[in-house]
Colleague: 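Take a look at this one; I'll ask things after.
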Amino acid sequence: MRDEQITAALLDWYDRHARVMPWRVGPGERRAGVRPDPYAVWLSEVMLQQTTVAAVRDYFRRFTARWPTVGDLAAAEDGDVMGEWAGLGYYARARNLLKCARVVAGEHGGRFPDSRAELLKLPGIGPYTASAVAAIAFDRPETVLDGNVERVISRLRLVETPLPAAKPELTDLAGELTPVERPGDYAQAVMDLGATICTPKSPACGICPWREPCLARAAGVQADLPRKAPKKAKPVRYGIAYLARRADGAWLLERRPESGLLGGMLGWPGSEWGEAPEEAPPVAAEWQDVGAEVRHTFTHFHLRLALRVAEVPEGVRPERGSFLPRDRFRPSDLPTVMRKAFDLAATARRD
DNA sequence: AATACGTGGTT
DNA sequence: TAACCAAGTAT
């Protein structure tokens, strides 16, 4: 099967099976002349970095409802954007999202650059996202290489080199199949294929548009590709978080430093997270031990977070953090681990 | 090149 | 239950 036929077979499949997404201009619409909004494409692509479509859907809708244009987002308060991103994870994305919006609004007249090279210069836009926005929003013949494409191409071409060493080779192989016509549809088609047919564990080869040319399937090794280096075990870290409620219902919270874990997000003041944390109460009070701990897993460690709660009178001055009035505190503004702590403390207080 | 960086669904 | 995995980027 020639490369052009392989490409055509996938586009043909995409025309019939493209998934519907709030940010996507489907193949039919595109054919009718509808062009995607680059802002929507960029926003969705950043949200989709290492994140499932299901998790992104509602966040995308809330963001675009609240900030319909890149100019609106650029003018937003940092805390509002971080709060709206809360729960989606990888919070550097939200910080870079704002930086990027402000560069586009301030230095590019509110229009996203339409070339991969220019997009690559923007904060939070790396090789994948630059190609994705160039291809999907501007129909540039750029090649996307994400986890889906790595899997699909390593199987199609029987690439046995383990990741991430195989990336350059996979980039070349993927590039050979990228068409000059409909590159935006093609980019989305390969990713849809990887997400729905050519899945990690049990690929549905029987209904795959590439079942004939697929070398891994011919060899019967499709489920073993791509090869990857084994992952390191996650250590367990321990920490203590302090939830202080003032008599008027305000909660003691702090804005975390801009860099590092949960950077820029709201959180409960607490100890360091390590082997044996020391008590670090942010305000003098009668702290009560909550008889349960939050268990939460981050990318590279497991956390067991002990909780202390206290009721404090109005007028106290905390050593760390500041009191957020009851009507300005939304638990949904917290990153998940901090929201878990709030939920658990609330449950324990009722018991 | 290797590591830091979240979370929730699936197996 | 625990490992695996998802439309990666920055350093």
Side-chain angles (χ1 to χ4, degrees), chain A residues 19 21-24 40-60 82 85-97 99-100 119-137 142-152 162-165 167-168 171 174 184 186-196 198-203 223 226 228-237 256-265 267 273 294-303 332 334-340:
Chain A
R19 289 181 291 171
M21 301 173 191
W23 51 84
R24 176 176 280 180
V41 174
W42 162 75
L43 178 61
S44 66
E45 288 300 339
V46 173
M47 288 182 165
L48 286 163
Q49 290 167 6
Q50 295 289 288
T51 308
T52 58
V53 169
V56 164
R57 272 206 164 85
D58 288 346
Y59 282 87
F60 177 83
M82 300 313 287
W85 194 278
L88 199 54
Y90 282 140
Y91 298 100
R93 294 185 295 172
R95 303 193 299 270
N96 286 326
L97 189 82
K99 284 184 197 160
C100 183
L119 287 160
L120 204 43
K121 296 176 183 172
L122 296 168
I125 297 187
Y128 164 76
T129 306
S131 286
V133 174
I136 298 169
E142 301 291 355
T143 302
V144 296
L145 189 74
D146 72 332
N148 289 303
V149 183
E150 288 170 357
R151 185 170 59 254
V152 169
L163 286 167
K167 278 197 176 195
T171 302
Y186 177 79
Q188 295 174 95
V190 202
M191 295 190 284
D192 271 19
L193 186 68
T196 62
C198 196
T199 53
K201 294 293 170 65
S202 310
K228 293 183 180 182
K231 300 233 162 71
K232 286 184 181 171
K234 292 173 171 38
V236 180
R237 293 187 194 170
R256 297 173 62 90
E258 277 296 300
S259 65
L261 192 68
L262 309 179
M265 300 299 292
W273 294 350
V294 171
R295 290 193 177 205
H296 189 78
T297 298
F298 292 99
T299 311
H300 51 299
F301 66 93
H302 301 287
L303 177 67
S332 64
L334 300 175
T336 299
V337 64
M338 301 295 175
R339 189 181 46 70
K340 282 185 184 176

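Labels below follow one simple rule: chain letters A, B, ... track the order of the sequence lines, proteins then strands, and each chain is numbered from 1. Note that this is a predicted model, so its numbers are computed, not measured.
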Colleague: Would you tell me if any nitrogen or oxygen in the side chain of A:R151 comes within less than 4.0 Å of OP1 or OP2 on C:dC5?
Modeller: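 For C:dC5, OP1/OP2 do not have a side-chain N/O of A:R151 under 4.0 Å.
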Colleague: Closer to the 5' end of DNA chain C via nearest nucleotide, is it A:G124 or A:D192?
Modeller: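 Result of the comparison: A:D192.
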Colleague: Assuming nearest nucleotide by heavy-atom distance, tell me which of A:G147 and A:K201 is located more 5' along DNA chain C.
Modeller: A:K201
Colleague: Within the structure shown, what part of the strands sits under 4.0 Å from A:T297 by heavy-atom distance: base, sugar-phosphate, or nothing?
Modeller: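 Since a base atom lies under 4.0 Å of A:T297, the category is base.
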Colleague: For A:K228, answer base if it contacts any base atom (sugar-phosphate contacts may also be present), sugar-phosphate if it contacts only those atoms, and nothing otherwise; contact means non-hydrogen atoms under 4.0 Å.
Modeller: sugar-phosphate
Colleague: Could you give the CG-to-P distance, from A:L48 to C:dT9, as a whole number of Å?
Modeller: 12 Å
Colleague: What's the CD-C1' distance between A:Q49 and C:dA10, to the nearest Å?
Modeller: 11 Å
Colleague: Remember a base hit wins even if backbone is also touched, and classify A:R19 as base, sugar-phosphate or nothing at under 4.0 Å, heavy atoms.
Modeller: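 Contact class for A:R19: base.
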Colleague: Could you check how far OH of A:Y128 sits from P of C:dA10, rounded to whole Å?
Modeller: 14 Å
Colleague: Applying a 4.0 Å non-hydrogen cut-off, can you work out what A:T336 is touching in the nucleic acid: base, sugar-phosphate, or nothing?
Modeller: sugar-phosphate
Colleague: Are A:E45 and A:Y128 close enough that a side-chain donor and a side-chain acceptor fall under 3.5 Å?
Modeller: yes
Colleague: Could you tell me whether A:V56 contacts a base, only the sugar-phosphate backbone, or nothing, with contacts defined as non-hydrogen atoms closer than 4.0 Å?
Modeller: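 No contact at all - A:V56 keeps every heavy atom at 4.0 Å or more from the nucleic acid.
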Colleague: Name the nucleic acid region contacted by A:G260, choosing base, sugar-phosphate or nothing; use a 4.0 angstrom heavy-atom cut-off, strictly under.
Modeller: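 Sugar-phosphate: the residue A:G260, judged by heavy atoms under 4.0 Å, touches backbone atoms but no base.
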Colleague: May I ask you to say what A:R24 touches in the nucleic acid, namely base, sugar-phosphate or nothing, with a heavy-atom cut-off under 4.0 Å?
Modeller: base
Colleague: Closest to the A:Q50 side chain: C:dA10, B:dC5, C:dG8?
Modeller: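 Nearest to the side chain of A:Q50 among the choices is C:dG8.
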Colleague: Counting just side-chain N and O atoms, does A:K231 come under 4.0 Å of either OP1 or OP2 of C:dC5?
Modeller: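 Yes, because at least one side-chain N or O of A:K231 sits under 4.0 Å from OP1 or OP2 of C:dC5.
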Colleague: Can A:V53 and A:W23 be said to form a side-chain contact (heavy atoms from CB on, under 4.5 Å), step by step?
Modeller: CA-CA 11 Å; A:V53 169; A:W23 51 84; 4.1 Å; yes
Colleague: For B:dT7 and A:H296 - does any side-chain N or O of the residue sit under 4.0 Å from the phosphate oxygens OP1/OP2?
Modeller: yes
Colleague: Using 30° and 60° as the class boundaries, would you call the ring planes of A:F298 and A:F301 parallel, tilted or perpendicular?
Modeller: tilted
Colleague: Any base atoms under 4.0 Å from A:M265, or only sugar-phosphate, or nothing? Heavy atoms, all strands.
Modeller: nothing
Colleague: Hey, which of A:V144, A:T171, A:V149 is the one that makes side-chain contact (heavy atoms from CB on, under 4.5 Å) with A:S131?
Modeller: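 Among the candidates, only A:V144 passes.
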Colleague: What integer distance in Å separates A:L88:CG from B:dG6:C1'?
Modeller: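 For the pair A:L88 CG and B:dG6 C1', the rounded distance is 9 Å.
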Colleague: Considering only B:dG6, C:dC5, C:dG8, which nucleotide approaches the side chain of A:P200 most closely?
Modeller: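 Selected nucleotide (nearest to the side chain): C:dC5.
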Colleague: So what does A:K340 touch, heavy atoms closer than 4.0 Å: a base, only the sugar-phosphate, or nothing?
Modeller: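 Counting heavy atoms under 4.0 Å across all strands, no contact is made by A:K340.
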Colleague: Of the nucleotides C:dA6, B:dT7, C:dG8, which has the atom closest to the A:Y91 side chain?
Modeller: B:dT7
Colleague: Across the strands shown, which category fits A:I125 at heavy-atom distances under 4.0 angstrom: base, sugar-phosphate, nothing?
Modeller: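 Sugar-phosphate: the residue A:I125, judged by heavy atoms under 4.0 Å, touches backbone atoms but no base.
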Colleague: Calculate, to the nearest 0.5 Å, the distance between atoms CE and CD belonging to A:M82 and A:E258 respectively.
Modeller: 7.0 Å
Colleague: Once you round it to whole Å, what is the distance between P of B:dT7 and CG of A:L334?
Modeller: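 Value for this atom pair: 11 Å.
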Colleague: Nearest whole angstrom, please: distance from the C1' of C:dG8 to the NZ of A:K167.
Modeller: 7 Å
Colleague: Within less than 4.0 Å of OP1 or OP2 of B:dT3, is there a side-chain N or O belonging to A:K232?
Modeller: yes
Colleague: Between A:P164 and A:F298, which has a closest nucleotide on DNA chain B that is more 5'?
Modeller: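 By nearest-heavy-atom nucleotide position, the 5'-most residue is A:P164.
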Colleague: Using only modelled atom types and a 3.5 angstrom limit, is any donor from either the side chain of A:T299 or the base of B:dG6 paired with an acceptor on the other?
Modeller: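 A donor-acceptor contact between them is present.
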Colleague: B:dT7, B:dC5, C:dT9: which one has an atom nearest the side-chain heavy atoms of A:L262?
Modeller: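 Nearest listed nucleotide: B:dT7.
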Colleague: Do side-chain atoms of A:Y59 reach the backbone of A:S44 as a donor and acceptor pair under 3.5 angstrom?
Modeller: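 No.
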Colleague: Is the side chain of A:R93 donor-acceptor paired with the backbone N or O of A:Q49 at a distance under 3.5 Å, no angle test?
Modeller: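 Indeed, once roles are kept as given, a pair shorter than 3.5 Å links the two residues.
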Colleague: For A:G263, report the nucleic acid contact type (base, sugar-phosphate, nothing); a contact means any heavy atom under 4.0 Å.
Modeller: nothing
Colleague: Checking the side chain of A:K201 only, and the main-chain atoms of A:A223 only, is there a donor and an acceptor separated by less than 3.5 Å?
Modeller: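 Side chain of A:K201 to backbone of A:A223, a donor-acceptor pair under 3.5 Å: no, none is there.
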Colleague: Is the shortest side-chain N/O distance from A:T51 to OP1 or OP2 of B:dG8 below 4.0 Å?
Modeller: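 No, A:T51 has no side-chain N/O under 4.0 Å of OP1/OP2 on B:dG8.
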Colleague: Expressed in angstrom and rounded to an integer, what is the separation of A:Y59 atom OH from C:dA6 atom C1'?
Modeller: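 After rounding, the gap between these two atoms is 15 Å.
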Colleague: Report yes if at least one side-chain N or O of A:H300 is closer than 4.0 Å to OP1 or OP2 of B:dA4; otherwise report no.
Modeller: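 It does not, given that no N or O in the side chain of A:H300 lies less than 4.0 Å from OP1 or OP2 of B:dA4.
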Colleague: If I take atom NZ in residue A:K234 and atom C1' in nucleotide B:dC5, what distance separates them, rounded to the nearest angstrom?
Modeller: 11 Å
Colleague: Checking contacts here: which listed nucleotide (B:dC5, B:dT7, C:dC5) is nearest the side-chain heavy atoms of A:Y90?
Modeller: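 Of all the options, the side chain of A:Y90 is nearest to B:dC5.
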